[in-house]
Amino acid sequence: MRVSVIGCGHLGIPHAAGMAHLGHQVIGVDIDAQKIAALNAGRTPIYEAGLPELLAKHTESGELRFTTDMREAAEFADLHFLAVGTPIDSDGRSYDTGQLFGAVRELAPHLTKPCTIMGKSTVTAGTTRRLTDLVRRLAPAGDAVDVVWNPEFLREGHAIDDTLRPDRIIAGVTSKRAEEVVRQVYAPILATGVPLFVMSPETAELAKGAANTFLGMKISYINTVADMCAAAGADVLQLVDALGIDPRIGSGGMKPGIGYGGGCLPKDVRAFTASAAQLGVPDAETLLRAAEAVNEHRPGHAVELVDAALWRELDGARVAMWGAAFKAGTNDVRESPALSVAGRLHQHGARVTVHDPVAIPTAARRHPELEYAATVEEASQGADVVVIGTEWSEYLDADPQAIGDIVASRVVVDFRNILDGQRWADAGWTVHRLGRPSLLPA
Ligand code: NAD
């Protein structure tokens, strides 16, 4: 099929590359000319394992190209994926749909032949209907243009894998004709047994928000349990093993830490909560607000734990923050808990040096007040405390003896519970672990 992907960000780039990989001819569209030039040269501004190879392969073959020209995309494609951003609005609660409606306003006047618009961005219930009205008014092809909602569930850090091998595909449609297009574009994926759920656009829109919100609630839940474990001298990781084995509960998303972050979960929980209020379901709002409040408290709580771990005043202390990305596997720092903690420590007078294997450029743009280091050794030089903020696997390989020789105090706070604590304690470190008993130097 000839498809366009409108919006080339964390979702759109992997999706465009993934569609080319499935055998479609793809044109990616973005308003950012610099980004488009880089993508046409096979370079990606986002870090995702496997993406550079896929981009290079399909841009070289000509099956995948990028443009800033919406008319070109409208003339080329029969199916238009919408993958533009839906950030949170200035009210802090609802989605800003400016990119979405802006892109459709730009696209629709060029739609002169029957085609399908397939929305992938995360939106509130009712958005597909409103976009359909707009398209039918603006597109010369009128009723021959279908609008479908096909929410995306990819996880950053696994974007290519999740695009090509998703858990499920959702089609929010109002006609058999539109459902057929969904079946056609995803045919190679559906042939592997991935389930397709066909439903109304409203159900599809809510299904995405409900999924992310449930994940947010689960994370907030296990984070509060971690705090209870800390207070009781218990071990949250052992507890999670015992809890997650129950098929009604499951272990997915049960990683205690400093809260959920990124470009999706925080805004999606906020918007879904606001949506509950708008739809007149106050119990849902109460439940979800609690999960949100827990998440908002996490960075402040983390700062208290770092303060308590220090042998000296926080003001003036040197902190080595290992990790800036909101999670491992991405250079995305939107609402990153690690950076939020780093920023707050800085505000309390600490001198914070941040290391991250891939996210330093993106982090430095958002937090220019922090210092950055290219290696963990450089970040840890003279540190009064090492803080693990992101669960990068390379931090597991750090040598506690060698790092111990360059820090001012052998104190580590592992907010991601990734270190082999005993190995670090044996090397003379005091190891603070979230929701688990601390280990003292051997
Ligand atoms: P992003 O900010 O990384 O990318 C959005 C892109 O759209 C930007 O490159 C921007 O320049 C472009 N854009 C804005 N207006 C445009 C227009 N009129 N025409 C063409 N391009 C335009 O956002 P993202 O993280 O990729 O998220 C996109 C959507 O997908 C959001 O609704 C998000 O909630 C949803 N989503 C994201 C993920 C994820 O992992 N990031 C996963 C599932 C769903």
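When reading the values below, keep in mind they use all heavy atoms of this one structure, side chains included, and skip hydrogens, waters and symmetry mates. We count ligands from 1, going down the list as the structure has it; atoms in each ligand are counted the same way. Because the structure is predicted, anything quoted here is derived from the model rather than measured.
Of all the heavy atoms of Ala83, the ones lying under 4.0 Å from any atom of ligand 1 belong exclusively to the backbone. Contact annotation for Cys264 and ligand 1: only side-chain heavy atoms (C-beta onward) come within less than 4.0 Å of the ligand. The proximity of Arg334 to ligand 1, defined as any non-hydrogen pair under 4.0 Å, is limited to the side chain.
Summary of contacts: the protein heavy atom closest to atom 41 (N) of ligand 1 is Glu156 OE2, 2.8 Å. Nearest protein heavy-atom neighbour of atom 7 (O) of ligand 1: Gly7 CA, 3.4 Å. Remark: minimum distance from atom 43 (C) of ligand 1 to any protein heavy atom is reached at Glu152 O, 3.2 Å. Considering only non-hydrogen protein atoms, atom 15 (N) of ligand 1 sits nearest to Ile31 CD1, 3.6 Å.
Remark: Lys267 is not positioned above the aromatic ring of Tyr95, lacking an NZ or CZ atom under 6.0 angstrom from the ring centre and at most 45 degrees off the axis. Both tests pass for Arg168 against the ring of Phe153: distance under 6.0 Å to the centre and angle within 45° of the axis. Judged by the 6.0 Å and 45° rule, Arg65 forms a cation-pi pair with Phe76.
In terms of N/O distances under 3.5 Å, ligand 1 is not approached by Lys208. For ligand 1, the polar-atom distance check against Lys267 finds a nitrogen or oxygen pair separated by under 3.5 Å. Checked against a 3.5 angstrom limit, the closest N/O atoms of Gly12 and ligand 1 fall outside it. Considering backbone and side-chain atoms alike, Asp268 places every N or O at 3.5 Å or more from each N or O of ligand 1.
Summarising the local packing, NZ of Lys255 is surrounded by 12 or fewer heavy atoms from other residues, nucleotides or ligands at distances under 6.0 Å.
For an aromatic pair to be called close, the ring centres must be under 6.0 Å apart, and Tyr395 with His355 satisfies this.
Using a 4.0 Å cut-off to heavy atoms of Ile6, the atoms of ligand 1 that qualify are 19 (N), 20 (C). Near Leu154, with a cut-off below 4.0 Å to any heavy atom, the atoms of ligand 1 are 40 (O), 42 (C).
Partner of Glu335 under the salt bridge (charged side-chain N to carboxylate O under 4.0 Å, His left out) criterion, out of Arg270, Lys327, Arg366: Arg270 alone. Evaluated for a side chain to side chain donor-acceptor pair (under 3.5 Å) with Glu205, the options Thr122, Thr128, Thr124 yield exactly one hit, Thr128.
Put simply, no part of Arg155 is less than 4.0 Å from ligand 1, judged by heavy atoms. The closest approach between Cys8 and ligand 1 falls below 4.0 Å for a heavy atom of the residue.
When Thr330, Thr86, Thr122, Val84 are checked for heavy-atom proximity to atom 29 (C) of ligand 1, Val84 turns out nearest.
Ring-plane geometry between Trp424 and Trp322 is classed as perpendicular, the angle between the planes exceeding 60 degrees on a 0 to 90 degree scale with a lower cut at 30.
Residue pairs meeting the salt bridge (Lys or Arg N to Asp or Glu O under 4.0 Å) criterion with at least one member in residues 210-230, sequence neighbours excluded: Asp227-Arg298.
Ion pairing between a basic and an acidic side chain is recognised when a charged N comes within 4.0 Å of a carboxylate O; Asp78 and Arg2 show no such pairing.
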